Amino acid sequence: MINKTLNNIFKGDKVIWMVFFFLCIISVIEVYSASSQLTYKSGSYLAPVMRHIGILVLGIICMVITLNIKCKYFKIVTPFLLIISVLMLIWALIGGQDTNDAARWVGFGFLKFQPSEIAKGTLVLATAQILSALQTDKGADSHAFGYILIVCAAIVPLILVENFSTAFLLCVVVFMMMILGRIPIQQLGKLLGVVVLLAALFIGLIMFLGHDTKTVDPEQTLVQQVDDDADGQTKEKESGIAKVFHRFDTWKARIMDFFDDTEVTPEEVDLVGKGAQKNHAKVAIVTSNIIGKGPGNSVQRDFLSQAFSDFIYAIIIEEMGFLGAVFVAMLYIILLFRTGRIANRCENNFPAFLAMGIALLLTTQALFNMCVAVGLAPVTGQPLPLISRGGTSSVINCVYLGVILSISRSAKKKLEGAKSYG
């Protein structure tokens, strides 16, 4: 009786569920360990992690609800989500709340969330629908490319103004979806050339218009991807066209800091001022050894202000060692390849493209977060999906997994050896 009840609740692919629960267990352990600063400010050892557990429970409930929705209904909500996403992003840009000098939040009373989290999934959903609707036996129709660019033009710039890294990763995911959707190679090549040119121009503007990096700490404005700041300090977004460029200083500082190859001795490493978070993350990694210091034994968590969010992977390495770091990375890789197997079994293209788009979205963000933690990418505000402490991102990521589980459960399976182009 109990097994039957559990099977009715935890429907869908069992491997995806297994990966999810492993990520949740690691998340609870590491967030509890890494929240020492929040513990100090709140005066309670359990309050930060209990809130995180509550968010994960809410996420599981949303996941179960989502997986019980047949994948064909996801098409119906696409236009509504597009309208809502654009309006919410404009709201966040004009009248949203600031967290560490970045307007990414909108709120209804005590509830506040990041519109970009919803917009990311919406763009993936719309791209999957366009690719599936215009798929032929020779690949995607040439018009699909234009339609995807139109949808991207409505969403990506609104995210880019405040969150360059999120916009960049989202564009990478859409580009990979177009490759999977068999967009003509000539169109992809032209797009890549234009993007490289625009990227060079944009970086040039950042370097020209941004202030002197010596006066800006690239980590002081590091955006926290959590719904409740440790000190609860947020402020209303200032108006004015000049604020469109207010992130250039931060972006320039991060670029210059990333490419700064000045050699310093161990005694000269700054563990207090500029670059402190990056350096403390390096210390955490260097002192971890193969098996780590053990859960709860991190030292650098007390010095990393984003230990429970952006730099949680560094804490994982410090406590779980190289083996733990590889295990966490493999969970995301398993998620991607398992989703690929689910997509390959789908008779119709829409659920296949949607599942792969969501898996790429989660995996790309996870790998980028890991690269930041180990110093292979510039410092940004990207959390580690399903592990970092957060509100909006944690719940929405659970919904994304619910979509994959829905597809694994309800999408029509194709016959062995059969092909589908509709």
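The model shown is predicted, which means the values in this text are computed figures rather than measured ones.
Heavy-atom neighbours of Met18 CE from other residues, nucleotides or ligands within 6.0 Å: above the threshold of 12. Environment of CZ in Phe168: sparse, with no more than 12 heavy atoms of neighbouring residues, nucleotides or ligands closer than 6.0 Å. Taking a 6.0 Å sphere around CZ of Phe21, one finds it holds more than 12 heavy atoms contributed by other residues, nucleotides or ligands. The environment of CD1 in Ile179 is crowded: more than 12 heavy-atom neighbours from other residues, nucleotides or ligands sit within 6.0 Å.
Distance CG/Leu169 to NZ/Lys120: 8.0 Å, rounded to 0.5 Å. One finds the CZ atom of Phe337 at 13.0 Å from the CG atom of Asn344 (value rounded to the nearest 0.5 Å). The structure places CD1 of Ile407 at 6.5 Å from SG of Cys346, a figure rounded to the nearest 0.5 Å. To the nearest 0.5 Å, atom CG of residue Leu23 and atom CD1 of residue Ile387 are 5.0 Å apart. From Ile396, atom CD1 reaches atom OG of Ser116 across 10.0 Å, with rounding to the nearest 0.5 Å. Distance check: Ile404 CD1 to Leu335 CG gives 5.5 Å after rounding to the nearest 0.5 Å.
Between Ser27 and Leu386, every side-chain heavy-atom pair lies at or beyond the 4.5 Å cut-off. Counting heavy atoms from C-beta on, the side chains of Leu323 and Phe327 never come closer than 4.5 Å. Phe353 is not listed as a side-chain neighbour of Leu125, based on a closest heavy-atom distance of 4.5 Å or more. Taking 4.5 Å as the limit, every side-chain heavy atom of Phe22 sits out of range of all side-chain heavy atoms of Ile334. Counting heavy atoms from C-beta outward, Lys293 and Met320 have side chains that stay 4.5 Å or more apart. In this structure, the side chains of Met176 and Val172 come closer than 4.5 Å at one or more pairs of heavy atoms. For the pair Tyr313 and Ile285, the minimum side-chain heavy-atom distance is 4.5 Å or more. Within the 4.5 Å cutoff, the side chain of Ile60 has heavy atoms near those of the Phe20 side chain.
With no hydrogens or angles considered, a side-chain donor-acceptor pair links Gln382 and Thr166 at under 3.5 Å. Side chain to side chain, Ser165 and Asn163 meet the donor-acceptor criterion of an N or O pair below 3.5 Å. In summary, the side chains of Glu117 and Ser393 do not present any donor paired with an acceptor at a separation below 3.5 Å, with no hydrogens or angles considered.
Between the Arg338 side chain and the Val19 main chain, no donor and acceptor come within less than 3.5 Å of each other. A donor-acceptor contact shorter than 3.5 Å is absent between the side chain of Ser388 and the backbone of Pro383. Looking at Arg409, its side chain never comes within 3.5 Å of a backbone N or O of Asp13 through a donor-acceptor pair. Judged by distance alone, with hydrogens and angles left aside, the side-chain atoms of Gln187 form no donor-acceptor pair with the main-chain N or O of Phe145 at under 3.5 Å. Judged by distance alone, with hydrogens and angles left aside, the side-chain atoms of Ser408 form a donor-acceptor pair with the main-chain N or O of Leu405 at under 3.5 Å. Of the possible donor and acceptor atoms, one in the side chain of Tyr400 sits under 3.5 Å from a partner among the backbone N and O of Gly121.
Summarising the geometry of Met356 relative to Leu180, their closest heavy-atom pair is CB-CD1, 4.0 Å, with the distance given to 0.1 Å. The minimum heavy-atom distance between Ser406 and Cys71, with the atom names listed, is OG-N, 3.7 Å. Nearest heavy atoms, Ile183 versus Ala144: CD1-CB, 3.9 Å. Residues Met177 and Val124 come closest through the heavy atom pair CE-O, 3.6 Å. Shortest non-hydrogen contact noted between Leu158 and Ile90 is CD1-CG1, 3.9 Å. Among all heavy-atom pairs drawn from Val173 and Leu360, the shortest one is CG2-O, 3.9 Å.
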Test side-chain contact (heavy atoms from CB on, under 4.5 Å) on Asp141 and Gln135; report intermediate values, then the result. CA-CA 6 Å; Asp141 186 273; Gln135 200 70 202; over 6 Å; no

Hey, mind stepping through Cys171 and Val195 against side-chain contact (heavy atoms from CB on, under 4.5 Å) and telling me if it holds? CA-CA 10 Å; Cys171 289; Val195 168; over 6 Å; no

Can you list the steps and then say if Ser85 with Thr122 is a side-chain hydrogen bond (donor to acceptor under 3.5 Å, both in side chains)? CA-CA 7 Å; Ser85 296; Thr122 300; 3.1 Å; yes

Could you give me the CA-CA distance, side-chain angles and deciding distance for Leu82 and Leu123, then say whether side-chain contact (heavy atoms from CB on, under 4.5 Å) is met? CA-CA 8 Å; Leu82 283 172; Leu123 183 54; 5.8 Å; no

Verify side-chain contact (heavy atoms from CB on, under 4.5 Å) between Val403 and Leu67, making sure each step is shown before the conclusion. CA-CA 6 Å; Val403 173; Leu67 71 86; over 6 Å; no

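If you look at Phe74 and Phe350, their ring centroids are not closer than 6.0 Å.
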